[in-house]
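Some notes on the structure that comes next.
Order of the sequence lines fixes the chain letters, A, B, ..., with proteins taken first and strands second; residue numbering starts at 1 for each chain.
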Amino acid sequence: MELLKNLPEMDLMRSEKMTFVQLIIPVESAHRAVSYLGELGLLQFRDLNDDKSPFQRTFVNQVKRCAEMSRKLRFFKDQIHKAGLSSSALPTLQPDVDLEALETQLAEHEHELIEMNANSEKLQQTYNELLEFKIVLQKAGVFLVSGKSYEAEEGRELEDNVYPSDYPESTSLLEQATQSVPSNPSGLRFISGIIPKSKVLLFERMLFRATRGNLLFNQAPADDLIMDPVSSEMVEKTVFVVFFSGEQARTKILKICEAFGANCYPVPEDLTKQTQITQEVLSRLSELETTLDVGIRQRNAALHSIGFHLTIWMNMVKREKAVFDTLNMLNFDVTKKCLVGEGWCPVFAKPQIQEALQRATFDSNSQVGIIFHVMDAVESPPTYFRTNAFTNAYQEIVDAYGVARYQEANPAVYTVITFPFLFAVMFGDWGHGICLLLGALVLIAREGKLSSQKLGSFMEMLFGGRYVLLLMSLFSIYCGLIYNEFFSVPYHIFGNSAYKCRDDECSDAYTVGLIKYRDAYPFGVDPSWRGSRSELPFLNSLKMKMSILFGVAQMNLGIMLSYFNSIYFNNSLDIRYQFVPQMIFLNSLFGYLSLLIIIKWCTGSQADLYHVMIYMFLSPFDDLGENELFWGQRPLQILLLLAALVAVPWMLFPKPFILRKLHTERFQGRAYGLLRSSEIDTDSEPGSARHHVEEFNFSEVFVHQMIHSIEFVLGSVSNTASYLRLWALSLAHSELSTVFYEKVLLLAWGYENILIRLVGLAVFAFATAFILLMMETLSAFLHALRLHWVEFQNKFYGGDGYKFKPFSFAAIADDED
Amino acid sequence: MYGFEAMTFNIHGGYLEAIVRGHRSGLLTAADYNNLCQCETLDDIKMHLTATEYGPYLQNEPSPLHTTTIVEKCTLKLVDEYKHMLCQATEPLSTFLEYITYGHMIDNVVLIVTGTLHERDVQELLEKCHPLGMFDSIATLAVAQNMRELYRLVLVDTPLAPYFSECITSEDLDDMNIEIMRNTLYKAYLEDFYQFCQKLGGATAEIMSDLLAFEADRRAVNITINSIGTELTRDDRRKLYSSFGLLYPYGHEELAICEDIDQVRAVMEKYPPYQPIFSKLSYGESQMLDKAFYEEEVKRLCLSFEQQFHYAVFFAYMRLKEQEIRNLMWISECVAQNQKSRVHDSVVFIF
């Protein structure tokens, strides 16, 4: 006991010590102080204005300004993206612009950009119109020309249909209307224009209805795509020419054109005039094109200069916004001259924080320093583990189950090794292991490059777990060497097999037909077992027993950790009435089984362990007969059985009764001294503890304890059985790889045909990559996860804490991208 | 097959029902409205709304905001959600969803026709149209001179065509007969929608018939109140009432002869579900009637979410969202015009 108490502090296992601190910051240095703290990133502010809505807070205007600025920045980004430029930022060049300057600068840029956009939009529109006019001229000209050559025919056709013979106002219209020109004395007019292709059908139908069929509709697709000014997408358009007669029809058609967004352009019928206008349009087009080009170049230059600073600005605005959001969490004190903030920080960070605050006071020339002092907290502190690139992924694995209670033993410390190891037990194949290793090495080698760029969700996951992957692959190479598996091909790496044939004709290699002629194979499984009739029974027995040994060892570790937790929280009750009986129960049954396994391995005995274990319960007093492994086994078994039987009520009854006794004593005001030992977690969790004590409900406590005990007793059986998944998955893996190797690769290789061989190879490679390397990795990963979360962690892990989320610029820059 | 929807509903409707219920949980709550009502400027409203589901739609708006922008963006969100659901829907849900928009179509048609009558610019009118009630040739409505042309030119292509059978006349359009047209169309639409829901059967029919009956009754009351003192004859008025609902047929007979609001009230108080609505109003008052009806409607719409495996949730969601947009419009108008004392006059809390 003395020895255990003098153990080193086990810093790794405990989360950082946190303290609750109060800051009293003079208004003039508040902003700077908070931004220095943000750079430091070690203080988690508490929201003191929880009851206020966002716009009732103090710095709402600044937040709004930041939001406005970030809107402008988004606008720039969007524009840059649209213009097809890449915003290349030089993060080293960080001119120290203050917010006001930046705001005016941004406003200027935005104004400039909007103006340019408006100009270029106008130009674009004119350009579009001209382009459309050009197309209409080209296409409609064709109709008109062809129309003329068929004039006689067409005229007859049209005359058949309608034609009021003369229109008195048609001559006057000739001068007024630009769009419609009477084509011949009979009063046939036309309107030509252009319309998006998708609307043509509807347009034609509508025209037909409106004029009751008295029209001729000609259309031709435009050759060029025309940019839609609104969405700036290229749209296919169709040129149309409508021939009709009558004034009313004209107004109707024009209205419909307007409604459909069809642009009408006048096309003179006269060929010479047509060519003349075409010339004019073409020259104006080329003129406009150069103007547009210049405009675009100018705009791109402007955008480029913006893009140069964009990332820096965005970061800055984001930081400012975060600072003001944090300032909004602070309270004004009575005099309105200071801001009061509260928050959590790790103890080790106190000097750093103080230093930052001093710097802030100094830099902002404040007369009054910032007061920083420790306070008593009501709630439990947040959990904060310092991790590095290597341990982070493992901590994440544990946190995914639940964040550790404050200062509770952290299973991640052990998970770093046990997790990849248990994975490898299920995934033991050094061929596949090497593939995984290569993958992991690629990820690690390109760490610097990959961490800066944005990855897909799947790659992100792989990249985040690259060190897990590394250890998993290393361990699976190790386990693969022990299992002697390489894509299910046996290799004689560590010397020759210990067995040889009894005579010459043992080509099908039965183990019984083999004799052992030298020392055992030095490392791992003898390659001669491969393919033999007794391969499966041998490997199964080996792996099954191994799984139980690992399981019992890991569960014992879990219970040991609960002991260290109790010691740490000074909870002697838990040690005496939970830890001790649990240890006894587990080890008297499954610890004993492990002992038997080891003895059997060492002595090479033929005893049936099932039989021993089953009859240990059914008839403990019977003679063991040939199953006896060592002297005195029977009395030992009786003793262990008794110990296990005693352990159950030991776990169940004393604790709730003692708790009740302590409770009543406390309320009679007698035994304050005693109380400290059991209620010491008041320090760490005063809020809930006080609550707990005030409403001490014996039946609830008792039921709770009963559930725990039953769970443990049943759990120790089912959890031990659950560890057999190590064997099952490893069996499945090796069988699958055997199937792919023998039934695909070797089968295909049996043919002389190169094509079949290639197909076989392809199928084998595909199956290996996708089924064995991906699916199997995933399933082994999940099973290892389960073994850690359930079988290991339920022995000691509370997992009801909450994470330390410091106010930090680094985190902000990360998560909003 | 009533009562057995659970067996098959989720094959086609499950995903969308989940979607619509998810959307519903994004509706603003009373707490949100309380916060919004305390806003001082439109920017405050924007800031509050960016923290809600409306965030992505409003965050890129430049700062001097207008009420119309807020409403436009909120409506855009509704339209996007609607379009998403419509894309995913299969028959008969897609038809059901389309039915929901016909009301807006009628309103849009009437808006454009009235607008052209008063010689407004078509483009300007189009901007005012509800985006859910848009159809391809809507702009062509401006061409039409009378009902017959209206029908023949444009509406024959739209789903509204069958509703037109009762109001095809060659009369020139004027305000009065446009209003009559609107109500006739609406009547036909409601009746058709009602028939359609009855055909669907099951919980959809049950809940929708309740909701539509309420809608029909409300319209009947509104028509009565609005037509008091106009030259609409009793028979014509009677013709505009939908032929279903709680008031059909006897209530309609009585409503048709009402000459003032108190008579309407006397008629309505005979119907227990409408008693609480009218008991809130003082005699002779019709101002608050709209709000009272809206409140009752919102209550009924919310209740429809209590039952599963039916289509009424889609109808209810669209209606609730429209109510929410109306609320937002009212709040932002009040804020913009510094009339904060009146902010609670017309806001109907949904939750």
Side-chain angles (χ1 to χ4, degrees), chain A residues 51-57 59-79 103 106-107 110-111 113-114 196 198-212 248-262 321 324-325 328, chain B residues 28-29 31-52 55-65 112 115-116 119 121-126 129 134-145 148-158 335:
Chain A
D51 48 336
K52 288 187 188 164
S53 64
F55 47 85
Q56 286 170 327
R57 300 190 175 200
F59 295 95
V60 61
N61 280 325
Q62 282 85 337
V63 172
K64 259 192 248 170
R65 269 167 56 195
C66 289
E68 178 67 17
M69 277 197 277
S70 57
R71 183 195 64 75
K72 281 177 188 153
L73 288 171
R74 275 198 302 272
F75 171 69
F76 294 152
K77 199 177 178 186
D78 194 44
Q79 290 290 322
E103 201 173 7
L106 287 184
E110 196 196 19
H111 186 71
L113 208 58
I114 286 176
S198 52
K199 289 185 184 170
V200 173
L201 246 151
L202 224 84
F203 181 61
E204 189 180 351
R205 189 158 52 181
M206 194 58 66
L207 285 176
F208 187 84
R209 274 196 208 132
T211 57
R212 302 175 191 241
Q248 253 196 325
R250 183 175 158 266
T251 41
K252 263 189 196 168
I253 290 174
L254 282 178
K255 261 189 182 173
I256 292 174
C257 285
E258 194 191 348
F260 273 87
K321 184 158 184 292
F324 285 117
D325 277 338
N328 271 335
Chain B
L28 299 179
T29 60
D32 287 318
Y33 283 120
N34 282 335
N35 279 333
L36 284 171
C37 291
Q38 289 166 9
C39 288
E40 296 290 338
T41 63
L42 287 183
D43 279 335
D44 287 343
I45 292 183
K46 175 187 156 191
M47 197 168 109
H48 189 86
L49 286 181
T50 39
T52 64
Y57 288 83
L58 279 170
Q59 66 176 3
N60 281 342
E61 286 311 306
S63 205
L65 273 176
I112 301 252
T116 0
E119 291 175 353
D121 181 35
V122 182
Q123 225 47 45
E124 189 186 311
L125 289 171
L126 281 179
C129 284
M134 289 301 225
F135 47 92
D136 281 337
S137 45
I138 189 162
T140 338
L141 285 170
V143 182
Q145 298 295 327
R148 193 176 293 279
E149 258 191 342
L150 201 65
Y151 175 71
R152 208 173 45 80
L153 264 183
V154 190
L155 293 176
V156 68
D157 282 338
T158 66
V335 169

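- Taking 4.5 Å as the heavy-atom cut-off, the residues of residues 31-38 of chain B that approach chain A are B:Asn35, B:Gln38, ordered by number.
- Within 6.0 Å of the NZ atom in A:Lys252, the count of heavy atoms belonging to other residues, nucleotides or ligands exceeds 12.
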- Query: After noting the C-alpha distance and the side-chain angles of B:Thr41 and A:Lys64, does the key distance pass the side-chain contact (heavy atoms from CB on, under 4.5 Å) rule?
  - Reply: CA-CA 12 Å; B:Thr41 63; A:Lys64 259 192 248 170; 4.1 Å; yes
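- Around CD of B:Glu119, the count of heavy atoms belonging to other residues, nucleotides or ligands within 6.0 Å does not exceed 12.
- For the pair A:Glu68 and B:Asp43, the minimum side-chain heavy-atom distance is 4.5 Å or more.
- Of the two parts of A:Leu202, only the side chain, counted from C-beta on, holds a non-hydrogen atom closer than 4.5 Å to a non-hydrogen atom of chain B.
- Under a cut-off of 6.0 angstrom, the local environment of CG in A:Leu201 is sparse, with at most 12 non-hydrogen atoms contributed by other residues, nucleotides or ligands.
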